[in-house]
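Throughout, protein chains are lettered first and strands after them, A, B, ... in sequence-line order, and every chain is numbered starting at 1.
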Protein chains: 2
Amino acid sequence: MKEIFGGATASALAAKVRTLAPSMTRSMHRVAEAVASDPAGCAALTVTALAERTGTSEATVVRTARLLGYPGYRDLRLALAGLAAQQQSGRAPAITTDIAVDDPLADVVAKLAHDEQQTLADTAAALDTAQLGAAVDAVAGARRTDVYGVGASGLVAQDLVQKLLRIGLMAHAHSDPHLAVTNAVQLRAGDVAIAITHSGSTGDVIEPLRVAFERGTTTVAITGRPGGAVTQYADHVLTTSTARESELRPAAMSSRTSQLLVVDCLFMGVAQRTYETAAPSLAASYEALAHRHR
Amino acid sequence: MKEIFGGATASALAAKVRTLAPSMTRSMHRVAEAVASDPAGCAALTVTALAERTGTSEATVVRTARLLGYPGYRDLRLALAGLAAQQQSGRAPAITTDIAVDDPLADVVAKLAHDEQQTLADTAAALDTAQLGAAVDAVAGARRTDVYGVGASGLVAQDLVQKLLRIGLMAHAHSDPHLAVTNAVQLRAGDVAIAITHSGSTGDVIEPLRVAFERGTTTVAITGRPGGAVTQYADHVLTTSTARESELRPAAMSSRTSQLLVVDCLFMGVAQRTYETAAPSLAASYEALAHRHR
DNA sequence: GCACTCTTGAAAGATATTTTCGGCTCGGTG
DNA sequence: CACCGAGCCGAAAATATCTTTCAAGAGTGC
């Protein structure tokens with residue numbers, strides 16, 4: 001294999017230039033100097049451009065490349081590109097701070113992504129697989145599954161329901177507290193009721209869960225507060241984790257990420273358990289949707 | 001400065017290939033595949049050699065390079081050299097296995113979390129901050145903002161709207177295609193319409209965006225296919241990236257994660273720009289919700 | 001089955017790189 | 001001081017590489 005990308009670092013290149021300097025002519029030295037001092041910049045240049053920048057000719061540039069050990073300028077240029085990339089990746093991004101009002105957009109993107117990644121890691125680490133397994137079994141074997149959630153959690157509830165429907169299970173999401181309770185009354189043993197609330201104390205979702213619980217339905221709570229009021233009516237509790245929140249960044253943002261991961265895990269577990277029916281159902285729903293795209 | 005060596009990592013390249021795969025032709029796909037699977041090897045090849053290795057023509061190689069966002073093959077090659085160097089110095093960890101039907105639940109959790117983290121990283125790396133900035137400015141200054149999305153994207157649309165409402169902006173989410181169009185007719189210059197569609201070709205959301213676009217509204221598309229039909233009516237395009245999907249894991253899952261990050265970034269940007277009014281509005285909405293928790 | 005669009009590679013055209021070659025400088029010498 | 005020769009240097013020719021064009025072929029919808 002060609003030795004283009006060898007262990008060369010920027011400083012190694014500089015050293016090479018120094019070593020070879022004595023055997024270099026004046027113009028070659030100018031070229032070598034330019035290359036050593038700004039590898040990234042030079043990588044973007046053609047022979048002609050580099051020749052012009054160093055006030056020399058193409059021939060000299062090529063000669064220099066040869067002297068440095070490359071077959072020609074083309075290869076030197078590739079090596080320089082590699083060097084530049086290494087150099088850049090060396091600089092750690094270091095995202096530690098909060099999002100400030102005057103952060104440039106690029107930082108906002110980086111910070112948000114980083115925070116959400118952190119939230120995912122935390123959630124995965126804290127998730128109790130035994131509880132998850134129990135919830136999975138319950139949903140996989142349920143006649144129907146009702147999911148309660150209001151506000152941002154309502155969207156998570158809908159997300160779960162959409163997915164369950166896709167694999168052929170009966171599922172409903174309720175954001176309206178009154179309708180939720182009215183529907184909860186219909187539930188019985190063998191059904192599953194899931195409440196999603198970050199605070200663990202949202203009355204609007206606790207109430208329907210209580211009703212379901214008292215009627216013998218298997219109940220699951222997905223909450224960020226494992227000791228919250230909602231857990232007293234829950235057979236299984238799945239805990240979401242929360243990132244510290246700042247003024248601009250409401251807790252709802254990271255709790256949503258966390259809730260979605262939990263819900264995804266729940267769904268994947270159910271999909272595994274019901275694979276025989278889930279796979280064809282998924283395929284069928286794709287099929288049905290295909291003609292909606294042009 | 002030329003953006004050749006941007007935060008691209010080997011996996012980011014792979015993500016890009018996946019994102020663009022749908023808009024690729026068969027031969028272009030072969031080239032992209034070769035490049036993604038062996039950046040170092042391909043960096044050593046000339047157009048002709050790569051064309052031969054992939055059993056295609058030079059023209060196709062160049063076309064592929066263009067599609068991947070480089071001005072030509074020469075630049076793609078430089079980028080590949082950079083990638084190769086990074087890879088060699090960094091030795092990627094690479095935990096890339098699929099979720100299998102018989103995976104224990106703990107593995108499912110780990111894999112899902114890992115995949116979503118990856119998706120976030122890819123999305124952040126690929127997000128065009130200039131486009132984002134333009135979208136932010138538009139929304140921050142809009143009289144009202146309408147967001148279109150159906151299916152899973154509909155939930156993302158609602159998420160965005162919920163957040164915008166919290167900082168005191170006028171925003172509406174539309175999942176019903178008919179109502180969406182009916183409402184789009186009401187829009188005018190100074191308003192903003194946002195379409196969210198992973199495939200980029202969902203007629204139900206393209207139609208209202210078209211109507212809005214033709215009425216002079218500022219339009220934004222959030223899509224996984226930067227070349228999709230939806231972009232022709234979009235003033236600004238925000239690209240989401242896609243993880244490879246497996247049988248059990250529908251694309252909708254990772255596209256949702258990606259879409260949410262984009263939407264969060266958009267929101268944070270708007271919150272920054274409108275800080276004076278956003279902060280008190282946020283506080284007020286907390287206050288109002290407090291009594292719902294016991 | 002036909003017309004149409006989209007895909008594709010061959011070859012022409014444009015650019016970049018390498019080689020050639022003669023002028024030039026500079027140090028030494030008569 | 002004039003002349004000579006060795007080696008450096010760059011202009012331009014030669015070659016390699018990359019890009020564009022174009023027409024034939026594959027695939028697709030009607």
Separation of atom [atom1] in [X] from atom [atom2] in [N], rounded to whole Å:
X	N	atom1	atom2	value
B:L78	D:dC18	CG	P	10 Å
A:D75	C:dT17	CG	P	11 Å
B:E58	D:dT17	CD	P	11 Å
A:R63	D:dG7	CZ	C1'	11 Å

B:T202 side chain to B:D204 main-chain N or O, any donor-acceptor pair under 3.5 Å? no
Is the side chain of B:T60 donor-acceptor paired with the backbone N or O of B:T56 at a distance under 3.5 Å, no angle test? no
So [X], base contact, sugar-phosphate only, or nothing? Heavy-atom distance under 4.0 Å.
X	result
B:R26	sugar-phosphate
A:R77	sugar-phosphate
A:T56	sugar-phosphate

Select from A:R30 and B:T46 the residue whose nearest nucleotide in DNA chain D is closer to the 5' end of that strand. A:R30
Using 4.0 Å as the upper bound for N to carboxylate O, is an ion pair formed by A:K163 and A:D159?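 Counted as a salt bridge, because a side-chain N and a carboxylate O are separated by less than 4.0 Å.
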Do the side chains of A:E58 and A:R63 get close enough for a salt bridge, i.e. N-O under 4.0 angstrom?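 No.
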